[in-house]
A.B. asks: 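Before I ask anything, here is the structure I am working with.
These figures come from a predicted structure and were not determined experimentally.
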Amino acid sequence: MSYDKVKQANHLSVGTKQVTRLVELGKASEVFIAKDADPRMTTKMVNLCKKMGVNVTYVDSMKQLGKACGIDVGAAMAAVVNEG
């Protein structure tokens with residue numbers, strides 16, 4: 001799975017508000033979305049990513065995404081931040 005990409009990212013942003021802001025500013029290179037996250041949040045994010053040309057990768061669970069991000073709680077989404 002793509003958890004390795006999350007773990008290897010130099011700059012990672014976790015959480016709906018932060019990820020939304022990064023995508024809107026064109027600073028996210030890839031967004032990871034947990035399949036078990038609230039569809040009301042994820043649908044908006046997927047549409048925003050499509051509009052902004054950001055690659056979306058689905059991961060199995062919020063728990064695993066949170067763990068890959070180095071936090072003890074689940075994460076609905078995370079973004080890899082563009083360098084520079």
A.B. asks: Quick one, V80 and L12 - any side-chain contact, counting heavy atoms below 4.5 Å?
C.D. replies: yes
A.B. asks: Report the distance from atom OG1 of T42 to atom CG of N47, rounding to the nearest 0.5 Å.
C.D. replies: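 It comes to 9.5 Å.
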A.B. asks: If you look at every heavy atom in A34 and A75, which pair is closest and at what distance?
C.D. replies: CB-O, 3.8 Å
A.B. asks: Any heavy-atom pair between the side chains of V23 and M45 that's under 4.5 Å?
C.D. replies: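 Result yes, sub-4.5 Å side-chain heavy-atom pair found.
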A.B. asks: Taking D36 for its side chain and M62 for its backbone only, find out whether a donor-acceptor pair lies under 3.5 Å.
C.D. replies: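 Checked: pair present.
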A.B. asks: Considering all heavy atoms of both residues, which atom of G26 and which atom of N82 are nearest to each other, and what is their separation?
C.D. replies: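 Result for this residue pair: O-ND2, 3.5 Å.
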A.B. asks: Looking only at heavy atoms, what is the nearest atom pair of V19 and S13, with distance?
C.D. replies: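 Closest heavy-atom pair between V19 and S13: CG2-O, 3.5 Å.
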A.B. asks: Within the 4.5 Å heavy-atom criterion, are V14 and Q18 side-chain neighbours or not?
C.D. replies: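 Counting from C-beta outward, V14 and Q18 never come under 4.5 Å.
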A.B. asks: Is I71 reachable from F32 through a run of I, L, V, M, F, W or Y residues, each pair having side-chain heavy atoms under 4.5 Å apart?
C.D. replies: no
A.B. asks: Over all heavy atoms of both residues, which pair between M41 and M77 is shortest? Give the atoms and the distance, please.
C.D. replies: O-CE, 4.2 Å
A.B. asks: Would you find more than 12 non-hydrogen atoms of other residues, nucleotides or ligands less than 6.0 Å from D72 atom CG?
C.D. replies: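 Incorrect, the count does not exceed 12.
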A.B. asks: Between V59 and Q64, is the side chain to side chain contact (heavy atoms under 4.5 Å, CB included) condition met? List the steps.
C.D. replies: CA-CA 8 Å; V59 294; Q64 286 176 301; over 6 Å; no
A.B. asks: Of all heavy-atom pairs between V46 and Y58, which one has the smallest distance, and what is that distance?
C.D. replies: CG2-OH, 3.1 Å
